[in-house]
Amino acid sequence: MRFTLSSTALSSKLVALSRVINSKNSLPILADFVFEVQNNVLFLTASDSENMMKTQIELNESDGDGRFAIGNHDLLEAVKGFSEQPITFDINTTENMAKIIYQNGQFSLPIENADEFPQAQEVGENAKVITIPSNILADNINRSIFATAQDELRPVMNGIYFDLTPECLAIVASDGHKLVRNKIFTIKSEAPASFILPKKPASLLRNMLGKDGSDVTVKFNERTAEIEYSDGKIICRLIEGRYPNYNSVIPQSNPNQITIDRNGLLSALRRVQPFANDSSNLIRFHIENGILQLDAEDYDFSKTATEKMSCEYNGQTMSIGFKGSSFIEILSNFDCPEVIIQLADPSRAGLVLPSEQPENQDILMLMMPMLINE
């Protein structure tokens, strides 16, 4: 079998697929890419046994169909260095060798029988289906993934929760200290359904999704999700278990409201945070008469920092403590010029919202306060 394709097209697809492959694998063949040629199209597959990614490339020419597996590392390193040019694969299944021919040379690599590669678990006919524009899904994964946990005792917290209700699709992530909830009102279902997408396939997906608004189809059952986008597919094992009732921890009435420049607050926090105690990372927010004062201190090393900035404030004079690094993460994952911070009292969760919500969406981030010594 012999086929020819664009070097840069192959390189970009292999780089994306390589992110699925683990450095150590339970089966040696999981270190390979699977190549399958059908009707002048090359289908590429990679897997880590729990997640499988598939993509495809139109071939310049081919003389037949077939499939084989080839080690990822050497092939990837070789094709990454090519400028745009046609490259030809000449496959000898008798000798189990692939000869790769390019403008100024060639190299050969061993191939393996692709039939040994594990098959993906099918979702089945009774799967539930969600269709979501690629740009909205990418934005929501980007906005949420930082808030997922790394908790061996509560694995359900280690992924992004998709909660389909008659009102909307809510995309939620939380580590118990901070929480992100995105509501998309254009996607809803009279039959509620939900699943927890692990962090790795979520990260793979956001890197693959374009901003063209093309539809992404998510089919899922209790164990598996199949996510199909414009030029590929991810099949992954879901996190099993019941996600906590995230709505119950979101306060319904936080009457004290700050409206403030997001980039200004983010810059101020980054200046003040290095002076906070290393173990607690506590920053004190004091709000009074349209002035927000940030204070950090580490008496063990005789370090203190204070910065003031103006804001719009409707509420009582208040001092409340937040973890500086987490607040920086929250502000970094908005893209609006101003944010609204809603507070109740120093012992209750604070809410951060964009000053203007995206069309047909509702974005909310929650931050648990820290105890401060007055």
Side-chain angles (χ1 to χ4, degrees), residues 130-148 160-175 177-189 192 194 197 202 205-206 209-216 218 243 245-267 269 285 287 292 309-315 322 326-344 348-369:
I130 299 173
T131 303
I132 180 169
S134 59
N135 56 324
I136 291 178
L137 181 56
D139 287 346
N140 277 274
I141 292 174
N142 264 326
R143 197 182 293 125
S144 307
I145 200 165
F146 82 96
T148 54
I160 298 176
Y161 183 52
F162 287 68
D163 187 18
L164 186 63
T165 69
E167 178 197 19
C168 65
L169 171 65
I171 298 176
V172 182
S174 178
D175 61 4
H177 302 285
K178 55 185 180 287
L179 177 145
V180 178
R181 186 195 67 192
N182 311 275
K183 286 184 174 181
I184 305 166
F185 295 109
T186 52
I187 302 170
K188 50 195 167 184
S189 170
S194 62
L197 183 68
L205 191 58
R206 70 171 176 177
L209 292 176
K211 296 289 186 180
D212 58 359
S214 59
D215 281 346
V216 178
V218 184
Y243 202 81
N245 182 0
Y246 58 90
N247 285 314
S248 67
V249 301
I250 299 172
Q252 299 304 308
S253 176
N254 276 12
N256 303 297
Q257 181 166 299
I258 306 167
T259 304
I260 195 163
D261 179 75
R262 182 182 68 88
N263 282 324
L265 178 56
L266 188 55
S267 299
L269 283 167
F285 286 56
I287 314 103
L292 169 62
M309 59 186 300
S310 60
C311 62
E312 292 179 31
Y313 183 53
N314 301 317
F322 290 111
S326 294
F327 216 102
I328 286 170
E329 281 186 309
I330 281 177
L331 292 175
S332 299
N333 282 281
F334 283 106
D335 55 9
C336 51
E338 289 187 328
V339 291
I340 296 167
I341 303 170
Q342 296 177 346
L343 305 170
R348 290 168 62 189
L351 300 179
V352 186
L353 308 102
S355 55
E356 287 188 26
Q357 295 284 3
E359 187 178 0
N360 295 317
Q361 293 188 67
D362 181 83
I363 300 165
L364 172 150
M365 301 197 192
L366 176 148
M367 184 78 191
M368 297 303 294

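A donor-acceptor pair under 3.5 Å is formed between the side chain of Q252 and the backbone N or O of I250. Judged by distance alone, with hydrogens and angles left aside, the side-chain atoms of N263 form no donor-acceptor pair with the main-chain N or O of L266 at under 3.5 Å.
Side-chain contact between L164 and F162 is absent, with no heavy atoms from C-beta onward closer than 4.5 Å. Using a 4.5 Å heavy-atom cutoff, the side chains of F146 and V180 are in contact.
For the pair P251 and L366, the tightest heavy-atom approach, listed with the atom from each and the gap, is CD-CD1, 3.8 Å. Between N254 and A349, the shortest heavy-atom distance links the atoms ND2-O, 3.0 Å. Scanning both residues, R348 and S253, for their nearest heavy atoms gives NH2-O, 3.8 Å. The minimum heavy-atom distance linking P255 with A344 is given by the pair CD-CA, 4.1 Å. Taking each heavy atom of C311 and L292 in turn, the nearest pair found is SG-N, 4.0 Å. Among all heavy-atom pairs drawn from R206 and I145, the shortest one is NH1-CG2, 3.4 Å.
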message: The test is side chain to side chain donor-acceptor pair (under 3.5 Å); show your working for Y243 and D163 and say whether it passes.
response: CA-CA 10 Å; Y243 202 81; D163 187 18; over 6 Å; no
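A salt bridge does not link D335 to R262: none of the charged side-chain nitrogens sits closer than 4.0 Å to a carboxylate oxygen.
Applying the ring-ring contact (aromatic ring centres under 6.0 Å, His included) criterion to F322, with sequence neighbours excluded, gives F285, F327.
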